[in-house]
Participant: 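Before we start, here is the structure in question, set down as structure tokens.
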Amino acid sequence: MKVREKLFLGMAALIVFMAVVFLTISQGYVRHLFQQYAMAARQGQVQQWEQLLAYYYVQNDGSWDGVGQFVTAVVSQQLATKKGEPLRFLLLDDQKRVVLSLGVSGNTPDFGSGWQVPVTVGGRTVGTLWVSDRNIQGLTRIEATVLHSMTLATVTGVILTSAAALLMAAGLAKRITEPLQALIAAARRIQGGDLGSRLSIRTRDEFNEVAQAFNDMALQLSKIEETRRHLVADVAHELRTPLTIIQGQLELIQQGVKPAEPETLLPIQDEVMRLARLVGDLHQLSLAEAGRLPLEKHPTDLAALARRIAENFQVEAESKEIALGVEGDDAAVAEVDPHRITQVIVNLVGNALRYTPQGGRIRIGVKTEGSTVCLSVSDTGPGIPPEHIPHIFNRFFRSDEARSREAGGTGLGLAIAKEFVEAHGGRIEVQSRRGVGTTFVVRLPTAADAVKGRGAPTPDAPPGR
Ligand code: ADP
């Protein structure tokens, strides 16, 4: 059942319930009041009879003789009793003897079910008037007709009001559920691939919040889809070059143009290694991005780790006549996975070596700043153009120079570094000036239980990326 129908049925049930309860209570109350008023009126009438009978008694010289004619002539004419209910009337004298009896069998009425009024003359009780309850209670035909008309008017009013309320409920249910219809339609459009579809709900309620959340989700989805498309295109592009080289080389060997000797196979091996590195990097990156990077964190002396890595890069640095040095704060112990942080440092130092010209300088600095260990890699390379800085941590981003360079990396080094650092709860920043150099700063949380001067384990750093 649709929400709109449920809502309408709920409201309709409420309206019917309220109408029935209102009718029951109001009718019961009105009937009760009406009967009370009617009874009071008839009791007043009986009081009048009492006065008439007292008057008769006085006029008849203190005797009830002939009261029968008087009652038939005067009193019974005034009786307005319930339809079909005969008058039951009894007059007793001061000795409790029956003087007149109308509609009462026997001479000893049950006074418990009647209304009795003493007939007094000058303060003396000369008789007792008794009228049956059934003549006093209940309604006369006119009263019943009036009550019936009132009931009819109330019921008609309630039915008309309920009908109007039901119409309003139907309109309200439609109005309330309209945003839901819009939401369903928009969700269907997104399901159909129209990720640009947005919801516009102008109410000031939860539906508006749902629309906001929906639009945010749609935006996020379209961003993810765009990233996915770029990633597939980038991966395809990155794989194409080495595969083309491998294919070309193998064809030359197959056609006998080149002999299958170690020197001929070397470029093929290079490309295979490049492919393996690319696949490995992509795997690491996807793990980190999905938040599933396994981290074996323990207190690690980052200065010692940096020195170890620098040693491994020393040969390459010397061959390029680049001065590579570490300035370390021995107390810089961070709570990190040393293998992952090794890869971060290796990527940063590898980049610095790649982009710094001959005779340049690379400095790795490690120091503690409050609750973070700050590791920086500075070089005297060409710097990064300001327009490239917002993109350098993106996957496969490479400057044009780096792209054209034969020995250029995969374009994943900084993306991996950023993901790894952030997986440790750290941050990575870059400062660069054209023609002066570049500094990457990595901030990592210090080891909570780091003891000053304690030697932390440092894994063997790989010689390069
Ligand atoms: P790559 O594998 O191309 O080095 P990275 O993700 O490591 O990919 O770097 C992305 C880009 O950032 C590089 O192509 C280069 O343009 C720029 N870059 C990174 N490090 C430096 C640096 N030390 N000096 C100048 N440019 C750099």
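Counting starts at 1 for both ligands and their atoms, in listed order. Quick caveat, the model's predicted, so the values are computed rather than measured. In what follows, residues are counted from 1 in the order of the sequence shown.
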Participant: N/O of G411 under 3.5 Å from N/O of ligand 1, yes or no?
Facilitator: yes
Participant: Hey, looking at atom 19 (C) of ligand 1, which of T439, I389, N351, D379 has the closest heavy atom?
Facilitator: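 It is N351 whose heavy atom sits nearest to atom 19 (C) of ligand 1.
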Participant: Identify, by atom number and element, the atoms of ligand 1 in contact range of T438, meaning under 4.0 Å from any of its heavy atoms.
Facilitator: 24 (N)
Participant: Show the atoms of ligand 1 that are less than 4.0 angstrom away from any heavy atom in F397.
Facilitator: 10 (C), 11 (C), 14 (O)
Participant: Is ligand 1 less than 4.0 angstrom away from at least one heavy atom of N347?
Facilitator: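 Under 4.0 Å: no for N347.
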Participant: Not counting sequence neighbours, which residues clear side chain to side chain contact (heavy atoms under 4.5 Å, CB included) with A173? List them please.
Facilitator: R4, L7, F8, M11
Participant: Just heavy atoms, cut-off under 4.0 Å: does L414 contact ligand 1 by side chain, backbone, both, or neither?
Facilitator: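 Both backbone and side chain of L414 come within 4.0 Å of ligand 1.
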Participant: I need the atoms of ligand 1 closer than 4.0 Å to a non-hydrogen atom of I392, numbered in the order shown.
Facilitator: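 With I392 as reference, the close atoms of ligand 1 come out as 10 (C), 12 (O).
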Participant: Relative to ligand 1, is R354 under 4.0 angstrom through side chain, backbone, both or neither, heavy atoms considered?
Facilitator: side chain
Participant: Would L444 and L375 count as a side-chain contact (heavy atoms from CB on, under 4.5 Å) if you check the C-alpha gap in whole Å, the side-chain angles of each, and the deciding distance to 0.1 Å?
Facilitator: CA-CA 8 Å; L444 292 162; L375 183 140; 5.8 Å; no
Participant: For E422, enumerate each residue passing the side chain to side chain donor-acceptor pair (under 3.5 Å) test, keeping only those at least two apart in sequence or located in another chain.
Facilitator: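 Listed in chain order: K418.
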Participant: Just let me know how F440 lines up against ligand 1, side chain, backbone, both or neither, with a heavy-atom cut-off below 4.0 Å.
Facilitator: side chain
Participant: Report yes or no: do R443 and T372 form a side-chain donor-acceptor pair below 3.5 Å?
Facilitator: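 T372 and R443 do not have a side-chain donor-acceptor pair below 3.5 Å.
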Participant: Would you mind checking if E369 and K367 are paired as a salt bridge, meaning a charged N to carboxylate O distance below 4.0 Å?
Facilitator: yes
Participant: Enumerate the atoms of ligand 1 whose separation from the nearest heavy atom of R398 is less than 4.0 angstrom.
Facilitator: 3 (O), 14 (O)
Participant: Looking at R395 and E289, is there a salt bridge between them, counting it only when a charged N and a carboxylate O are closer than 4.0 Å?
Facilitator: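 Salt bridge present between E289 and R395.
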Participant: Show the atoms of ligand 1 that are less than 4.0 angstrom away from any heavy atom in G413.
Facilitator: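 With G413 as reference, the close atoms of ligand 1 come out as 5 (P), 6 (O), 7 (O).
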Participant: Do the charged groups of E311 and R307 touch, with an N to O distance under 4.0 Å?
Facilitator: no
Participant: Would you mind telling me which of T439, T438, T356 makes a side chain to side chain donor-acceptor pair (under 3.5 Å) with S378?
Facilitator: T439
